[in-house]
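Protein chains get the first letters and strands the later ones, always in sequence-line order, with residue 1 at the start of each. In what follows, every heavy atom counts, from backbone to side chain, and hydrogens, waters and symmetry copies are set aside.
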Amino acid sequence: EAGVTQSPTHLIKTRGQQATLRCSPISGHTSVYWYQQALGLGLQFLLWYDEGEERNRGNFPPRFSGRQFPNYSSELNVNALELEDSALYLCASRRGYSTDTQYFGPGTRLTVL
Amino acid sequence: AQSVAQPEDQVNVAEGNPLTVKCTYSVSGNPYLFWYVQYPNRGLQFLLKYITGDNLVKGSYGFEAEFNKSQTSFHLKKPSALVSDSALYFCAVRRSNYQLIWGAGTKLIIKP
């Protein structure tokens with residue numbers, strides 16, 4: 001069974017640009033979570049999608065947005081990039097409400113110059 | 001308020017010695033508890049979880065965790081540490097809305 005995949009592995013942008021990060025969940029998983037992990041820090045919850053709907057979002061400005069497609073893959077968009085957006089962005093997927101375990105992808109390292 | 005605490009930023013253990021990484025939680029109702037490990041520049045890997053049943057949960061790579069309801073703790077343990085166990089460890093508890101609350105992480109350093 002293939003794990004959660006994320007692309008690209010690394011992304012370098014300049015301040016003010018937009019970044020798009022992609023995530024493909026494990027087959028059969030309908031929920032996708034996005035987290036931000038700044039260097040040396042813990043996980044900050046960004047967004048949760050399930051069955052194509054945004055279920056919850058963390059304490060981040062509206063320039064962080066995303067969507068979930070009919071095949072349950074997901075996209076995270078970050079507009080008007082700021083230097084402090086530089087971080088590892090992690091995607092996790094979960095099968096459904098009866099199974100709580102989130103499985104993580106390898107992450108996308110976003111660097112904003 | 002629901003929360004998870006990992007009281008130690010870093011734990012140092014000699015190779016071959018037992019290790020413990022501490023986690024305490026505060027949540028209403030029955031807790032669903034998780035441990036994950038993160039190696040440098042990698043995503044998180046699921047180690048083990050407690051949902052119900054036996055208080056001692058066995059997981060991947062020889063790790064186990066002990067659920068203690070009276071002390072609201074879920075400490076991660078391993079009888080004999082390996083240098084390759086050096087990593088960042090995260091404890092998490094499930095909220096009522098199916099999201100996870102994460103601890104700040106504990107850096108485990110195993111010295112040869």
Practice problem: Taking the side chain as every heavy atom from C-beta outward, state whether A/N56 and B/Q99 have any atom pair closer than 4.5 Å. | Solution: yes

Whatever's closer than 4.5 Å to a heavy atom in chain A on B/Q45 counts as neither

So, the part of B/L100 with a heavy atom under 4.5 Å from chain A: the answer is both

When the 4.5 angstrom heavy-atom criterion is applied to A/Q44 and chain B, the contacting part is neither

Is a donor from one side chain sitting under 3.5 angstrom from an acceptor on the other, for A/T101 and B/K49? yes

Checking A/R94 against A/Y33: is there a side-chain donor and acceptor pair closer than 3.5 Å? yes

Between B/F63 and the options B/Y89, B/F46, B/Y36, B/W35, the ring pair (Phe, Tyr, Trp, His ring centres under 6.0 Å) test singles out B/Y89

